[in-house]
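To keep things clear, I will list the structure first and then write my remarks on it.
Here the structure is a predicted model, which is why all the values come from computation and not from measurement.
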Amino acid sequence: MTSKRANWLFLTIILVHFGVVAFLIFWGSLLPDSIVLNFLLSQGILIIPTIIFLLIFERRERPSVPQTGTFMPNEPPAPQMPIKPMPGTGAPLVPNAVPMPMAGVQSAPGASRSFEAAAFHRVKISTLLMITLCTFLISPLVTVLNVLTMFFTDNAVAALEGDIISTPFPVMLFMIGIFGPFCEEFVFRGVIYGSYRRNGQYNNNMRYQKNRGNGISAVLLSAFLFGLMHMNFNQALYAFAIGIFLALLVEAAGSLWASAVCHMFFNSCQVVLMYVSESVLDSIYGHAVNEAAEQLSTQDLLAALSVYLVIAAVATPIAGCVIVWIAKNEGRQEAFRELFQRSGHTAVQRMQQPNVPMPPQSQPVQWSQPASPRQMPGMPQPPRSAQWSQPIPPPPVQPAQWNQPMPQQPVQWNMSEPPRTDYLLSVPLIIAVVLCLGYMSLELFLV
């Protein structure tokens, strides 16, 4: 999808969220009071509009590309139709009958898949191990940002801790630790961020994948929307930071599994710590400690902030180095480096009729006038008494051999039509951001 349609998707998600909230306010008594149902509704708000948008727009935008990695310059004749010879020669009309292989062009990566957003490519085992290390390293930064927001708002996760603990552990581990992160990564890193990175339209029968200097902009904007999706200031701040690291992991590993595994591992650790701390504190100190922990003073928050701030100042740069190592381990140093550079347009090799010059042997020879001996270099000079009233027949043109691979040729860009790109910001996105901030501010002042 284009970036504008991705913005429309985010606005649709926000409007669906408001519709579900309004339904729960007026008719919520008709539904059972279950935290599992609330989690299913929250993930359904994300995944259902996304699937609908992909079914409508992703298939419509994909050009028709043959599965064999070749293309037909013109519409080929039916197999049973005879092939007419080229006038003056016995050679068939090759450009209209034989598929011409493209140098350096393979079958479209998304031709055999349902959506381009499903970029769940394989990663190395060592990469997965380093992703778990990176998850531990960014945890102090998340704690610092969480404590900062607790000076003016409540901890949103702590408010749900009682309902979470009362639910069986395997259910919450699956809902919070696996299912939720998978849906959120597919929507925000797969569809929205992927649309920002593949921003652009089809021009010269080729789709632009990376636009000039939109790498960091796409990372920051997708992370910002990921934070707004939580609909509270407490989670929005550290979700924004997590979203940046998750997008960098996707670029470094070249797979959506990188961010999905990191997100799953982070949420699963939080669920495990929540159950373990609850059982340990209840068995040793009773419920009084939990009640006191919910009412932390400003001095306690400052003390915790100072400690975690020092840890985060050391651990966060190491996490960045781990991401760079992942890019090197997956052989994506250049692609990851281009994320921070204002490079030109990089085009995906997914073509329908690209502007590649035809091979010389397939061009028919034009005989517009009778040739003279001086016009035919390399031929023996006839006697002066010879009559040249008849045109010299052209040399036979050999049929082009298309089974040999063509040499690599640069794609010819039409400079008179510069590539058109979409802006990341659009009216639907601005409306969605205003609605989110208004809802979060209203909830902050009312609660």
In short, side-chain hydrogen bond (donor to acceptor under 3.5 Å, both in side chains) pairs touching residues 30-44 with sequence neighbours left out are none
Carefully, step by step, assess F224 and L220 under the rule side-chain contact (heavy atoms from CB on, under 4.5 Å). CA-CA 6 Å; F224 178 66; L220 296 178; over 6 Å; no
Can you tell me which residue pairs pass the side-chain hydrogen bond (donor to acceptor under 3.5 Å, both in side chains) test with a partner in residues 229-246, sequence neighbours excluded? N146-N234, T149-N234, N232-Q235
Under the rule for salt bridge (Lys or Arg N to Asp or Glu O under 4.0 Å), what residues qualify as partners of E185, not counting sequence neighbours? R189
Contacts of P168 meeting side chain to side chain contact (heavy atoms under 4.5 Å, CB included) (sequence neighbours excluded), chain-then-number -> P170, V171
Name all residues meeting the ring pair (Phe, Tyr, Trp, His ring centres under 6.0 Å) criterion together with F266; count only those two or more places apart in sequence or in a different chain, and write none if there are none. none
Those residues at least two apart in sequence (or on a different chain) that pass side chain to side chain contact (heavy atoms under 4.5 Å, CB included) with K124 are S126, T127, N329, E330
Heavy atoms of A6 and Y196 approach each other most closely as CB-CE2, 4.2 Å
Can you list the residues that meet the ring pair (Phe, Tyr, Trp, His ring centres under 6.0 Å) rule with W8, with sequence neighbours excluded? none
Would you mind listing every side-chain hydrogen bond (donor to acceptor under 3.5 Å, both in side chains) that reaches into residues 424-441, with sequence neighbours excluded? N7-S426
Holding to ring pair (Phe, Tyr, Trp, His ring centres under 6.0 Å), I want the full list of residues that pass it with F182, two or more places apart in sequence or in another chain. F120
I need the full list of ring-ring contact (aromatic ring centres under 6.0 Å, His included) pairs touching residues 134-160, with sequence neighbours left out, sorted by first then second residue. F136-F265
Taking side chain to side chain contact (heavy atoms under 4.5 Å, CB included) as the test, write out the residues that go with N267, two or more places apart. I176, P181, H263
Donor-acceptor contacts, no H, no angles, side chain residues 307-323, under 3.5 Å, sequence neighbours left out:
| from | atom 1 | to | atom 2 | distance (Å) |
| --- | --- | --- | --- | --- |
| T316 | OG1 | A312 | O | 2.8 |

